Amino acid sequence: MKRFATLTMMIFSISTYAMEMPQNHEDVSSIIDAYDKATLTEISNELVKMAAHEESIGEFDLATVHYKRALKIRESIGLKYHKSYASILYLSSNAHFQAGLICEATGLAKDASVEFSKHGLIKFQEKAMKDHEAYGRVCALVAQK
């Protein structure tokens, strides 16, 4: 029971800290320098959970910020080539599209497709590539205006 309480407090602290980070997603260096890899992984996971919740309530702009932070943290701790990174890229592409950042979503979906392919996750690779193509068509239309 004590271990559960400690874990709960740690996750609450991480969530609170993640929400208080500066708006600039690039500015995660202060926490990267302050925590070990395991804690940074937990912070990244909490950011993804927060982003998913924000998407569920229509806060797509805020979700994109938290996905970017999660990706930046994962890059810094050597998880850029892990399949979870590909998943976050894909989730981020959807949030960017919903936020109206269509051309950026196009690139993220393509990156996710490439990363899924590297892990042999063909079903996900194909889905991400289909989104990349669909987003690309919308991006081209928006660019023409």
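Because the structure is predicted, anything quoted here is derived from the model rather than measured. As a basis for the values below, the full set of heavy atoms in this structure was taken, side chains included, without hydrogen atoms, waters or symmetry mates.
- Comment: Lys130 does not engage Glu133 in a salt bridge, judged by the lack of any side-chain N to carboxylate O separation of less than 4.0 angstrom.
- Checked by atom type and distance alone, the side chain of His66 never pairs as donor or acceptor with a backbone atom of Met50 at under 3.5 Å.
- Taking OG of Ser44 as the reference point, atom NZ of Lys37 lies at 12.0 Å (rounded to 0.5 Å).
- Here CG of Leu89 is found 13.5 Å from NZ of Lys110. Values are rounded to the nearest 0.5 Å.
- Taking Glu104 as the reference, Lys68 meet the salt bridge (Lys or Arg N to Asp or Glu O under 4.0 Å) condition, with sequence neighbours excluded.
- The hydrophobic clustering, which links ILVMFWY residues whose side-chain heavy atoms are closer than 4.5 Å, places Ile43 and Ile32 together.
- Between the side chain of His119 and the backbone N or O of Leu121, no donor-acceptor pair lies under 3.5 Å.
- Note that NZ of Lys83 and CD of Glu115 are 13.5 Å apart. Values are rounded to the nearest 0.5 Å.
- Between Tyr135 and Phe97, the ring planes are parallel. Angles under 30° get that label, and only those over 60° would be called perpendicular.
- With Ser93 contributing its side chain and Ala105 its backbone, the two residues share no donor-acceptor pair below 3.5 Å.
- Shown here for Ala63 and Ala95, the closest heavy-atom pair between the two residues is CB-CB, 4.3 Å.
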Going through the checks in order, is the side-chain contact (heavy atoms from CB on, under 4.5 Å) test met by Phe60 and Glu55? CA-CA 5 Å; Phe60 301 110; Glu55 283 185 274; 4.1 Å; yes
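- One N or O on the side chain of His96 and one on the backbone of Ser92 form a donor-acceptor pair closer than 3.5 Å.
- Panel note: side chain Ser113, backbone Gln125; a donor-acceptor pair is recorded below 3.5 Å.
- Cluster membership for Ile31 and Leu47, using ILVMFWY side-chain heavy atoms within less than 4.5 angstrom, is shared.
- Residues Val114 and Leu108 do not share a hydrophobic cluster, clusters being chains of Ile/Leu/Val/Met/Phe/Trp/Tyr side chains in contact below 4.5 Å.
- When the salt bridge (Lys or Arg N to Asp or Glu O under 4.0 Å) test is applied to Lys127, the partners found at least two apart in sequence or on another chain are Asp131.
- Val48 and Ile77 end up in different hydrophobic clusters when Ile, Leu, Val, Met, Phe, Trp and Tyr side chains are linked at under 4.5 Å.
- Using modelled atom types, one finds no donor on one side chain facing an acceptor on the other under 3.5 Å when comparing Glu75 with Tyr81.
- Of all non-hydrogen atoms in Arg74 and Ile88, the two that sit nearest each other are NE-CD1, 3.1 Å.
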Check step by step if side chain to side chain donor-acceptor pair (under 3.5 Å) holds for Thr39 and Asp36. CA-CA 5 Å; Thr39 304; Asp36 64 7; 2.6 Å; yes
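- Nearest heavy-atom pair across His132 and Thr106 is ND1-O, 3.0 Å.
- Considering all non-hydrogen atoms of both residues, Ile73 and Leu40 come closest at CG2-O, 3.5 Å.
- Shortest non-hydrogen contact noted between Thr64 and Asp61 is OG1-O, 2.6 Å.
- The number of heavy-atom neighbours closer than 6.0 Å to CZ of Phe124, taken from other residues, nucleotides and ligands shown, is 12 or below.
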Side chain to side chain donor-acceptor pair (under 3.5 Å) between Tyr67 and Asn94: does it pass, once the steps are laid out? CA-CA 11 Å; Tyr67 283 131; Asn94 292 322; over 6 Å; no
